[in-house]
Amino acid sequence: MTKNNAAAVVAAARSKQKITTKELITQLFPNFIQLHGDRCGGDDPAIVGGLATFAHQPVTVIATDRGIAIEERVATHFGCPTPSGYRKALRLAKQAAKFHRPVLFFVNTPGAYPGQSAEEDGQGAAIADNLLQISQLPTPIITVIFGEGGSGGALALACGDEVWMLENSTYSILSPEGFASILWKDSSRSDEAAEIMQLTPSDLLRKRVIEGIIPEQADHQQVTAEIRDVLSKRLKKLNEFSGAELLKRRQKRYRKF
Amino acid sequence: MKLYEQDNTLSAQHVKADKQADSKVPNGLWRKCPKCGATVLSKQIDQYATCPSCHYGFRISAHQRLKWAVDHFSDLDERLISDDPLSFPGYKKKLVACQTKTGLNDSVLTGEASIKDMHFAFGVMDPTFIMGSLGTVTGEKITRMFERATAQRLPVVLWTASGGARMQEGIMSLMQMAKISNAVAQHSAAGLLYIVVLTDPTTGGVTASFAMQGDITIAEPHALVGFAGRRVIEQTIQQKIPKDLQDAENLVKHGFIDRIVRREDEKAELYRLLKLGGGRNDEE
Ligand SMILES: [Zn+2]
């Protein structure tokens, strides 16, 4: 069931009951091998990446992580990747393309980290690089948004062939609170903002910003089963295309906006 | 701490800065330079609209810039109008007011231009049109400009100025970042030159896409160039940030900009870069 009330979807996307990155990875990719580092001097824990087998083929998995324990949450800036995180994602995605491995992105982030160090390390340039380069990699790329899809920080990990969203997730230009405070100077009107912003999966599907919605149950095993089902079907489909065909379809996907 | 409760996301501060935008446009008898504080008699401000003491370039419209930035230009796609994708209350009226004020259909003027014998495709963003924010028409015009440049094998010069996303167009504004990036990638894959001129202010989603995708990136003195807004950064790290954190000069130090170029030198410098940097190298 898809909820119609945007404010309720926003609350559910941020809920403490939400499936975590750790659960997603252990349940979907039992043989996951984590790979660290951006090769430019850093390793951002807000981006977890590595190799695994999925649907009988090697894949590269790249996920945002908010952490669970408080020290993890602080270290990941509450799930906001730094430029180093985006560079790690780009490095692993390029490596995947080299070996014709599909890339599976999992996104739940309020947005790219907006700190002083992130500015000095080129947060804008890092996201821009991902948009420029990941979008051109001739290998299947699918993104699943499973909580918040916050602005350019999410788009940098959602610029491939398909984007799917869990039923209780959002994808937007900024938070409803931010939107309300900018346009009406009143962040308490966030529920109203959420309605106008068209940030729910059903709104985004109607606008063809995403390919589909994955049903979400309270039982996390069931959630991962649904994700597994969608990803294996879509990968099977995308595997039929050559690299050049993928790029042509991708070009069309973004040209329509 | 919950970041999303602090309206932390990206462009909040840039759009807030809209209120101060007018004070950075020179008019009236006196102008105070927002960068160095020097008070300048309006009569002393020439066509380049720069501060005589620190060379900061005041925010100017696309048409004002084109008077000195190129020798000739033609304006293209000047009739596209945003279809108000969120049906946002009051947005259509705001667009009409901006169109009347600027003589533009949206926040960028695109077309073809020349400096001496160098012919190129160009875009000039207009910070006086809803803060130069990235709307669907802005994105479409820039995308078409890159597509024409690729087809005609022309280099591109793009002057950026933007508060970031166009809030009133929501997710469709975000999608422009991906659409333009694809067009930039194809232009680049064709072996063609893309020069970015960062002007005050270049922020948010524009910084996080085509402003940082050039082969050569120059900036005007003291132009504010950044991703997140000052207030958002200060709320996030719970301390004041240096005044010049997002000055173009600081980005040169950190390796994200090639050169700072004063407005009065810009045209000659662009000519040299177009000549040396690969412009129409297919002719040789
Ligand atoms: Zn000055």
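On a predicted model such as this, the values are computed, not experimentally measured, just so you know.
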For this session: Give, as side chain, backbone, both or neither, the part of B/E169 having an atom under 4.5 angstrom from any heavy atom of chain A.
Result: neither
Exercise. Among A/Q198, A/R250, A/R253, which has the most heavy-atom pairs under 4.5 Å with chain B?
Worked result: A/Q198
Problem set entry | Most chain B-contacting option - heavy-atom pairs closer than 4.5 Å, from A/S190, A/A128, A/G115 | A/A128
For this session: Indicate yes or no: at least one non-hydrogen side-chain atom of A/E120 is less than 4.5 angstrom from one of B/N250.
Result: yes
Seminar exercise, completed: Cut-off 4.5 Å, heavy atoms of chain A, and the answer for B/M172 is side chain
Problem set entry | Part of A/L199 within contact of chain B (heavy atom distance under 4.5 Å) | neither
For this session: Would you mind checking which part of B/I241 comes under 4.5 Å of any heavy atom in chain A, side chain (CB onward), backbone (N, CA, C, O), both or neither?
Result: both
Exercise. Closest approach of B/M175 and A/L155, non-hydrogen atoms and distance?
Worked result: CE-CD1, 4.0 Å
Exercise. Between A/Q116 and B/Q239, is any side-chain donor less than 3.5 angstrom from a side-chain acceptor?
Worked result: no
Problem set entry | Step-by-step side-chain contact (heavy atoms from CB on, under 4.5 Å) determination, A/L132 to B/F210 | CA-CA 9 Å; A/L132 190 66; B/F210 55 91; over 6 Å; no
Exercise. Out of A/M197, A/R255, A/Q123, which one racks up the most heavy-atom pairs below 4.5 Å with chain B?
Worked result: A/R255
For this session: List the steps and the verdict of side chain to side chain donor-acceptor pair (under 3.5 Å) for B/Q213 and A/D129.
Result: CA-CA 7 Å; B/Q213 292 171 342; A/D129 244 353; over 6 Å; no
Exercise. Out of B/P242, B/A183, B/G255, which one racks up the most heavy-atom pairs below 4.5 Å with chain A?
Worked result: B/P242
Exercise. At what distance, to the nearest 0.5 angstrom, does NZ of A/K207 lie from CD1 of B/I171?
Worked result: 10.0 Å
Exercise. Which atom names give the shortest non-hydrogen contact between A/L131 and B/A208, and what distance separates them?
Worked result: CD1-O, 3.5 Å
Exercise. Are more than 12 heavy atoms from other residues, nucleotides or ligands located less than 6.0 Å from atom NZ of A/K256?
Worked result: yes
Seminar exercise, completed: Whatever's closer than 4.5 Å to a heavy atom in chain A on B/I237 counts as side chain
Exercise. Relative to chain B, which of A/C159, A/G122, A/A158 shows the most heavy atom pairs under 4.5 Å?
Worked result: A/G122
Problem set entry | Heavy-atom contact with chain B under 4.5 Å, split by part of A/D121 | backbone
Problem set entry | Nearest-0.5 Å distance that lies between atom CZ in B/F227 and atom CD1 in A/I127 | 4.0 Å
Exercise. Distance from A/I196 atom CD1 to B/M167 atom CE, nearest 0.5 Å?
Worked result: 13.5 Å
Exercise. If you measure from CE on B/M177 to OG on A/S151, what distance do you get to the nearest 0.5 Å?
Worked result: 6.5 Å
Exercise. Top residue by heavy-atom pair count (under 4.5 Å) with chain B, among A/A118, A/A180, A/A125?
Worked result: A/A125
Seminar exercise, completed: The interface call for B/E147 against chain A, heavy-atom contacts under 4.5 Å, is side chain
Exercise. Do side-chain atoms of B/K179 reach the backbone of A/F257 as a donor and acceptor pair under 3.5 angstrom?
Worked result: yes
For this session: Output the option from B/T207, B/V225, B/L86 having the highest count of non-hydrogen pairs under 4.5 Å with chain A.
Result: B/L86
Exercise. Do the side-chain N and O atoms of A/Q136 and B/N182 include a donor-acceptor pair separated by under 3.5 angstrom?
Worked result: yes
Exercise. Given that the side chain runs from C-beta out, which part of B/S209 has a heavy atom under 4.5 Å from chain A: side chain, backbone, both or neither?
Worked result: both
For this session: Mind ranking B/Q176, B/Q168, B/Q186, B/K253 by heavy-atom pairs under 4.5 Å with chain A and telling me who comes out on top?
Result: B/Q186
Exercise. Relative to the ring of A/F179, is the ring of B/F88 parallel (under 30°), tilted (30 to 60°) or perpendicular (over 60°)?
Worked result: perpendicular
